[in-house]
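Comments concern the structure below.
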Amino acid sequence: MRSITTAGLLAGLVCAAPVFGADANAGKAVFHAQCALCHSAEPGDNGGGQGPNLNGVYDRHSASTDFGYTAALKASGLTWDTATLNRFLSSPTTVVPGSAMVVPVANDTDRANIIAYFQAVKAGTFKAAAVAGRGGPPPASGPPPGSPGADKRIKGFDDWKNDVPGRVHRVDIATLPAAYDTPSTAKFPRLVPKPADAQVKLPPGFAFSVFATGTTGARKMLLTPNGDIFLSETQANKVVVMRPSADGRHAEQITTFAQGLVLPHGLAFYPNAQHPKWLYVAETNRVVRYPYKPGDTVASGVPEIVVAQLSPIEGGGHFSRDVVFSPNGKKMYVSVGSQSNVAEDMPKKTVAEAKAWEAAHGFGAAWGNDENRADVLVYDVGSDKPGKVYASGIRNCVSLTVQPGNGALWCTTNERDMLGDDLVPDYSTRVKAGAWYGWPWYYMGNHEDPRHAGERPDLAGKVTSPDVPFQAHSAALNLTFYTATSGASAFPKEYLGEGFAVLHGSWNRAFRTGHKVVRVRMKNGVPTGEYDDFLTGFIVDDGNAWGRPVALLVNKDGSLLLTDDGANIVYRISYQH
């Protein structure tokens with residue numbers, strides 16, 4: 001297929017006409033590889049529901065379907081014709097600043113083919129060819145017709161209406177329901193303005209307030225020795241510095257430290273947080289660093305590339321990466337999320353072929369579009385040697401955390417979708433060297449994923465079960481250990497050493513869950529497996545939400561800061577002494 005440049009694509013086109021030289025079947029293959037984790041484009045294509053359904057999107061007005069679109073997209077006034085789709089897909093956040101769609105389709109030919117696919121689906125003329133490695137289109141999700149799960153009505157006994165601070169949760173992986181025990185439901189949260197009477201709920205003695213507004217896609221935070229706070233704004237492709245007011249109650253100044261990054265997420269200081277010389281930033285497919293000294297609010301130099309490529313498969317799927325260092329500073333860990341929901345398009349290998357692949361890539365490592373993904377990678381600091389797989393089978397380790405005191409590496413993970421309301425639980429867990437956590441063939445111990453039934457009998461019984469499973473589809477994004485022993489807003493002593501996890505909110509569940517902060521219980525530094533509701537109230541009566549919390553930071557005064565990439569606000573949780 002000959003290359004199609006952007007200029008050639010736009011020149012002389014009639015918007016409703018098919019894209020010249022483009023291939024709708026090739027467009028479906030690209031869409032399924034890069035976009036299907038979040039979107040469906042035609043009935044039964046097994047696409048995800050984290051983003052709007054794109055069936056019939058060609059010539060449709062933007063933000064015109066029943067989905068929780070951002071205010072920026074609602075105000076854009078776009079119509080998805082050939083030229084507009086091409087511009088938007090090439091750089092979504094440039095065309096619509098503030099769009100939740102942040103992953104571009106960089107290749108001109110791929111964009112042209114995707115647009116041709118959208119056109120053919122809209123016109124009803126699309127005829128699917130066999131999908132490489134699968135022998136046909138991907139199977140539809142949900143229970144097989146006529147099975148018990150197909151007709152089951154969901155009770156919703158554990159949804160958001162029962163959330164209250166102090167409520168104890170424990171997910172027993174020994175009694176998980178069968179796959180497809182309930183239908184798979186796409187119910188994305190609609191973000192609404194905060195109702196006038198809405199209040200979050202916290203344990204007695206705690207207060208909740210706004211620390212900063214006007215952020216764009218606020219994600220991870222990092223505290224500096226002088227009390228400044230770094231913040232990655234993933235949607236804006238930049239890192240900013242928030243300088244607190246004298247009383248610490250709000251951000252007095254926000255300065256852009258670095259921009260022009262590609263989906264920055266993870267932030268870490270080196271050699272340590274007390275005496276930093278470098279700020280490390282994890283972009284979507286590389287790690288860079290900036291020289292830093294306490295008090296800097298603007299980068300003093302250009303970024304130095306530390307890891308040029310994390311995975312050979314750059315586009316599509318989960319895009320956030322995190323980075324942390326071992327306590328002795330000798331190891332750098334980087335998390336890389338999967339390209340897909342459950343490696344639907346991964347070419348089949350025999351057990352012998354899979355073992356040969358593992359010998360070179362790590363135990364349980366996936367291949368195809370998920371090569372070097374769904375892993376935690378480890379690099380020797382100061383060495384030019386390539387990184388290695390430290391732990392595998394972790395579908396989307398959004399957040400890495402080093403536990404104070406014992407130096408244990410923790411990972412907080414979004415698990416897979418489309419198996420029913422209560423499968424598969426998300427989790428936070430200690431990450432062990434060489435361990436495999438099941439993805440894509442198994443989950444939560446020896447539960448085989450039916451979509452890969454019989455493919456890896458050699459891996460049965462070899463899955464490392466996670467320490468703290470969360471209710472399925474909660475979208476766990478972050479774990480922070482509370483470390484403050486002093487400060488005007490420091491929490492009571494019983495919180496010292498406890499974990500706090502942030503649950504972003506569900507979409508693949510009939511009854512909403514998540515949108516809250518939970519307390520992860522520890523006993524002598526070891527997780528008990530239980531977690532308690534700590535901050536609730538972001539969900540309103542009809543199941544919509546006015547907040548999507550992301551990450552926490554223990555601030556200098558002992559308060560917790562909480563980012564929200566839905567409302568684009570940073571909140572402050574303090575204790576009133």
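Given the structure is predicted, the values throughout are model-derived calculations rather than measurements. Counting begins at 1 with the first residue of the sequence.
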Quick check: does any side chain N or O of [X] sit under 3.5 Å from a backbone N or O of [Y], one acting as donor and the other as acceptor?
X	Y	answer
T536	K516	no
H515	G547	yes
R548	D564	no
E283	V262	yes
R512	G543	yes

Where [X] and [Y] come nearest, the two heavy atoms and their spacing:
X	Y	answer
V171	Q471	CG2-N, 3.9 Å
V287	L310	CG2-CD2, 4.3 Å
V281	P264	CG1-CB, 3.8 Å
D426	A475	OD2-N, 2.7 Å

Practice task
Indicate yes or no: at least one non-hydrogen side-chain atom of F538 is less than 4.5 angstrom from one of W160.
Solution key: no
Handout entry: 4.5 Å side-chain heavy-atom contact, Q309 and N285
Key = yes
Problem - Sequence-distant partners of P177, side-chain contact (heavy atoms from CB on, under 4.5 Å), two or more places apart - result: D181, D422, L423
Problem - Qualifying residues under side-chain contact (heavy atoms from CB on, under 4.5 Å), relative to P92, sequence neighbours excluded - result: F88, M101, P104
Exercise for the section: Look at K348 together with E455 and state whether they make a salt bridge at an N to O cut-off of under 4.0 Å. Expected result: yes
Handout entry: Salt-bridge present (D322, K220; N to O < 4.0 Å)
Key = yes
Nearest 0.5 angstrom please: [X] [atom1] to [Y] [atom2], how far?
X	Y	atom1	atom2	value
N341	H318	CG	NE2	7.5 Å
N113	K28	CG	NZ	14.0 Å
T234	H265	OG1	NE2	6.5 Å
S340	R395	OG	CZ	7.5 Å

Handout entry: Evaluation steps, side chain to side chain contact (heavy atoms under 4.5 Å, CB included), between V389 and H361
Key = CA-CA 7 Å; V389 173; H361 295 85; 5.5 Å; no
Handout entry: Check against side chain to side chain contact (heavy atoms under 4.5 Å, CB included), I394 and Y427
Key = CA-CA 10 Å; I394 305 174; Y427 59 84; 3.6 Å; yes
Exercise for the section: Assess R451 against Y443: is NZ or CZ under 6.0 Å from the centre of the six-membered ring, and within 45 degrees of the ring's axis? Expected result: no
Problem - No-hydrogen, no-angle side-chain donor-acceptor test under 3.5 Å, D417 and H473 - result: yes
